[in-house]
**Q** 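Pasting in a structure now, in structure tokens, and then I'll have a few things to ask.
Heavy-atom basis, side chains included; hydrogens, waters and symmetry copies ignored.
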Amino acid sequence: MAYGEWQNANPLTTRQQVADLVKGLLQALDTQFAAGETGITLGNTCAHYGPDIARMEGLSRALWGVFPLLAGGDTLPEAEKYLNAIRYGTDPQHPGYWGDTGPYDQRLVEMAAYGYGLALLDGRLTRHFSARELENLINWLSQIDDAQMPDSNWNYFAILVQMGFKRAGLPWQREAVERRFAMMEAYYLGDGWYSDGPGRPKDYYISMAFHFYGLLYATLMADDDPQRAALLRSRASLFAADFIHFSAADGASIPFGRSLTYRFAMVAFWSAAAFAGLDTFAPGVMKGIVLRHLRWWFDKPILDRDGILTLGYAYPNLAMCEDYNSPGSPYWALKTFLILALPDTHPFWQADELPLPALPAVRAITPADQLLVHSEGSRHAWLLTSGQLELNNYVNTEAKYTKFAYSSAFGFTIERGRYGIKHAACDSMLLLSEGDGYYRGRRGCDSVQTSDTHIFSRWSPWRDVQISTWLIPCGAWHLRVHHIDSARALHAVEGGFAVMHQPGITAVDERDGATLIASAVGSSCIVERSPRARLAGHVITPPNSSIMFAECAAIPHLSGELPPGEHWLCCAVAAGVSEPLSPDNAPRLTLTATSLHVSGADGETTILI
């Protein structure tokens, strides 16, 4: 079925309709899954761990959809093929054996699915295995007990295996669970937030990993570990009050960070919250977030003509993927279908679907150094952020983590080449060059301060160039203020949000000190507020540079020359999906030696500097 037909054919309002969606996704996989095989081949692209492990990954990730269906009482014709794959894959004497694992092994990641199945199905899974087959499964999974792994959310994979053993009535090691939880406690930042390891970012891994697995544990191990279960639930409740701001009214979420090809795993947290009976929000609110999100995704071209999830975000796009994304990687999105383990009679399914509650225009998330901003009615959601950097330097790290702003409607663009502003992904960035066509922007931050009214960061694109940046939300707009102290002569380009460029449809209005671009999907505007005026213009990026659409993107920008010395660069930026934008409505800024005074439609703010 073509992607555009999903929404009309399946409105995704009931448990049965959601189950039918998952079964359809699994049926498409089944055409690539030969009986007797221990993996699924879904394409010829490669991850850093090679094709054999990628095939095992493809099969394992499908199980995130298989197991909740079975736990919820659904029948699945393909189930026996998956059981055989597990039998053969964990048998050292079988030619399809998944093999012994080594340090930092991708197969350790995939073990989480098997712990999940054992825990969710109790003894209903193990009864399908003979004594020898069960011993093989235990031995293969037990490799994770003392495995060398990244100091990150990977620790939860070992916990899920032990939880699966315990729930299935198999020997388990409580001390292994305690050790892994103790390691992860070092990443807890407060207010429900973790970092994904020491000094690492605060992205969707906090929701779809830390809290997703934590709520599974809190629910399924509540009797065995009540104190920790209560702690995990408490932290998840705190997190929920922040995380709801990542959702827009139409079901979209704000794309930010790595692993965006996991797509609707963005709302897996809410599925786990429903599974755990978390009461931070009413069941109907959580139901609305999950189901609107699924509808949003299945109105996008994310499936190929065979019904297989593609690599990419809102369309197939290998350029934005990570080194660890194989053709089967996107199926981690199936984590969201934990809600299928809940029966039709559960309050989640019985509740009327509710819209997002009324949310404040700005939500400061201090542990994550983010300000979440919503337009009226949450039609558009975006975040302002500083201080995020993925230390592993994955592909397009700067684009995914270090821009000033990220949008539920407009996403962001990725760099497509090293030379020239056209390829440099200048949206929501201040890019600087020495006049040679090679640009640098903000990467790491030397310091960051987050308050209810703004985010401040200090950064240095060169050792002899120091920049202080203030990001200030102001109604539908935000202001950016940069103080630059440079020993070099620089060319500066600062971009607004990127919108779709369609010749004959997209309209560009360039005037002194402002550019407004109106497209079929919304508008983007940047307005000069610097003491020293820059030239207003725009750039058209190559196709496939936006994560949201395959067409070229249009980015309004301001540019100018900066001689060595001190400079102030200031601008107002906005984007809207339905609200009309006008440069005349941009907030204004008054600079003094000690303060930034902002005045806009929503009032006035003074920020001391």
**Q** Taking all non-hydrogen atoms of both residues, which atom of Ala236 and which atom of Leu215 are closest, and how far apart?
**A**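 That closest heavy-atom pairing would be CB-CD2, 3.7 Å.
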**Q** Would you mind checking if Arg363 and Asp242 are paired as a salt bridge, meaning a charged N to carboxylate O distance below 4.0 Å?
**A** yes
**Q** What side chain to side chain donor-acceptor pair (under 3.5 Å) pairs are there with at least one residue in residues 266-286, not counting sequence neighbours?
**A**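 Counting only pairs at least two positions apart or across chains, the side chain to side chain donor-acceptor pair (under 3.5 Å) contacts touching residues 266-286 are Ser237-Thr280.
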**Q** Where the side chain of Arg61 meets the backbone of Ser329, is there a donor-acceptor pair that is under 3.5 Å apart?
**A** yes
**Q** Which heavy atom of Asp344 sits nearest a heavy atom of Gln350, and at what distance?
**A**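 Answer, listing the atom of Asp344 first, then Gln350: O-NE2, 2.8 Å.
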**Q** Is there a donor-acceptor contact under 3.5 Å from the side chain of Asn396 to the main chain of Ala399?
**A**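 No, because the side chain of Asn396 does not come within donor-acceptor range (under 3.5 Å) of the backbone of Ala399.
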**Q** Only counting residues at least two apart or in another chain, list the ones meeting side chain to side chain donor-acceptor pair (under 3.5 Å) with Ser523.
**A**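 Listed in chain order: nothing, the list is empty.
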**Q** Please examine the side chains of Leu29 and Leu42, heavy atoms only from C-beta on, and report whether any two atoms are closer than 4.5 Å.
**A**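 Yes, at least one pair of side-chain atoms sits under 4.5 Å.
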**Q** Do we see a donor-acceptor contact under 3.5 Å between the side chains of Tyr331 and Glu57?
**A** no
**Q** Hey, can you tell me if His293 and Trp296 have their rings parallel, tilted or perpendicular (30° and 60° cut-offs)?
**A** parallel
**Q** Any donor and acceptor pair, going by atom type alone, linking the side chain of Asp427 with main-chain N or O of Thr413 inside 3.5 Å?
**A**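 Checked: pair present.
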**Q** Is it true that a side-chain atom of Ser519 and a backbone atom of Gly522 form a donor plus acceptor pair closer than 3.5 Å?
**A** yes
**Q** Does a donor on one side chain and an acceptor on the other come within less than 3.5 Å for Ser408 and His380?
**A**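 Not at all, the side chains of Ser408 and His380 share no donor-acceptor pair under 3.5 Å.
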**Q** Would you say the side chains of Thr450 and Asp369 form a donor-acceptor pair under 3.5 Å?
**A** yes
**Q** For Glu551 and Pro543, indicate whether the former's side chain and the latter's backbone hold a donor-acceptor pair under 3.5 Å.
**A** no
**Q** Does a salt bridge link Arg258 with Glu322, judged by any charged N lying under 4.0 Å from a carboxylate O?
**A** no
**Q** Considering residues at least two apart in sequence or located in another chain, which fulfil the side-chain contact (heavy atoms from CB on, under 4.5 Å) criterion with Thr13?
**A**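 For Thr13 the side-chain contact (heavy atoms from CB on, under 4.5 Å) partners, ignoring immediate neighbours, are Pro11, Gln17, Arg295.
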**Q** Are the side chain of Tyr313 and the backbone of Met548 linked by a donor-acceptor contact shorter than 3.5 Å?
**A**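 Such a contact is absent between Tyr313 side chain and Met548 backbone.
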**Q** Given 3.5 Å as the limit, does a donor-acceptor pair link the side chain of Arg15 with the main chain of Leu340, or not?
**A** yes
**Q** Working to the nearest 0.5 Å, report the span between NZ of Lys403 and SG of Cys426.
**A** 7.5 Å
**Q** Please work out whether the ring planes of Phe264 and Phe298 are parallel, tilted or perpendicular, with thresholds of 30° and 60°.
**A**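 Judged by the thresholds at 30° and 60°, the geometry between Phe264 and Phe298 is tilted.
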**Q** My understanding is that only one of Tyr394, Tyr262, Tyr104 makes a ring-ring contact (aromatic ring centres under 6.0 Å, His included) with Tyr324; could you say which?
**A** Tyr394
**Q** From Thr402 OG1 over to Glu390 CD, what is the distance, rounded to the nearest 0.5 angstrom?
**A** 12.0 Å
**Q** Can you confirm whether more than 12 heavy atoms, excluding those of Asp452, are under 6.0 Å from its CG atom?
**A**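 Counting other residues, nucleotides and ligands, CG of Asp452 stays at 12 neighbours or fewer.
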**Q** Would you call Leu76 and Leu70 a side-chain contact if the rule is heavy atoms closer than 4.5 Å?
**A**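 Of all side-chain heavy-atom pairs linking Leu70 with Leu76, at least one is under 4.5 Å.
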**Q** Identify the residue among Asn153, Asp196, Asn155 that makes a side chain to side chain donor-acceptor pair (under 3.5 Å) with Tyr187.
**A** Asn155
**Q** If I take atom CZ from residue Phe243 and atom OG from residue Ser207, how far apart are they, to the nearest 0.5 angstrom?
**A**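 Taking CZ in Phe243 and OG in Ser207, the distance rounds to 3.5 Å.
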**Q** Measuring from Leu372:CG to Ile244:CD1, what's the distance to the nearest 0.5 Å?
**A** 11.0 Å
**Q** Regarding Asp30 and Lys23, does a basic nitrogen lie under 4.0 Å from an acidic carboxylate oxygen?
**A** no
**Q** Classify the ring geometry between Tyr205 and Trp332 as parallel (under 30°), tilted (30 to 60°) or perpendicular (over 60°).
**A** perpendicular
**Q** Are Ile40 and Arg55 close enough that some pair of their side-chain heavy atoms sits under 4.5 Å apart?
**A** no
**Q** Under the 3.5 angstrom rule, does the side chain of Lys287 hit a backbone N or O of Trp349 as a donor-acceptor pair?
**A**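 Yes.
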**Q** Quick check: does any side chain N or O of Ser375 sit under 3.5 Å from a backbone N or O of Gly576, one acting as donor and the other as acceptor?
**A** no
**Q** Assess the residue pair Ser386 and Arg442 against the criterion (side chain to side chain donor-acceptor pair (under 3.5 Å)); give the C-alpha distance rounded to whole Å, side-chain angles, the decisive distance to 0.1 Å, and a yes or no.
**A** CA-CA 9 Å; Ser386 296; Arg442 185 175 69 169; 2.7 Å; yes
**Q** Is the shortest heavy-atom distance from the side chain of Cys321 to the side chain of Val395 under 4.5 Å?
**A** no
**Q** To the nearest 0.5 Å, tell me how far Arg416 CZ sits from Thr541 OG1.
**A**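 Spacing of CZ (Arg416) from OG1 (Thr541) equals 8.5 Å.
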**Q** Would you check if His211 and Ile206 make a side-chain contact, meaning some heavy-atom pair closer than 4.5 Å?
**A** yes
**Q** Will you find, in the side chains of Ser578 and Arg379, an N or O donor that is under 3.5 Å from an N or O acceptor?
**A** yes
**Q** Counting only heavy atoms not in Asn393, do more than 12 fall under 6.0 Å of its CG?
**A**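 Yes - once you tally the heavy atoms of other residues, nucleotides and ligands closer than 6.0 Å, there are more than 12.
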**Q** Please say which of Arg235, Arg180, Arg228 ends up in a salt bridge (Lys or Arg N to Asp or Glu O under 4.0 Å) with Glu185.
**A**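 Of the listed options, the one satisfying the test is Arg235.
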**Q** Check for a donor-acceptor pair, side chain of Lys400 on one end and backbone N or O of Met320 on the other, with a separation under 3.5 Å.
**A**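 Side chain of Lys400 to backbone of Met320: a pair is present.
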**Q** What closest approach, in Å, do Ala113 and Phe67 show between heavy atoms, and which atom pair accounts for it?
**A** O-CE1, 3.3 Å
**Q** Applying the ring-ring contact (aromatic ring centres under 6.0 Å, His included) criterion to Tyr188, which one of Phe239, Phe210, Tyr194 satisfies it?
**A**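 Answer after filtering Phe239, Phe210, Tyr194: Tyr194.
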**Q** Using side-chain heavy atoms (C-beta onward) and a distance below 4.5 Å, is Pro357 in contact with Val285?
**A**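 Touching, per the 4.5 Å side-chain cut-off.
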**Q** Let me know which of Tyr114, Trp64, Phe33 forms a ring-ring contact (aromatic ring centres under 6.0 Å, His included) with Tyr82.
**A**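 Answer after filtering Tyr114, Trp64, Phe33: Phe33.
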**Q** Among Tyr204, Phe246, Tyr401, Phe412, which residue satisfies the ring-ring contact (aromatic ring centres under 6.0 Å, His included) criterion with Phe256?
**A**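 Testing each of Tyr204, Phe246, Tyr401, Phe412 against Phe256, the sole residue satisfying ring-ring contact (aromatic ring centres under 6.0 Å, His included) is Tyr401.
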**Q** Please verify the inter-ring angle class for Tyr116 with Phe212; under 30° counts as parallel, over 60° as perpendicular, anything in between as tilted.
**A**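 The arrangement is tilted - the two ring planes meet at 30° to 60°.
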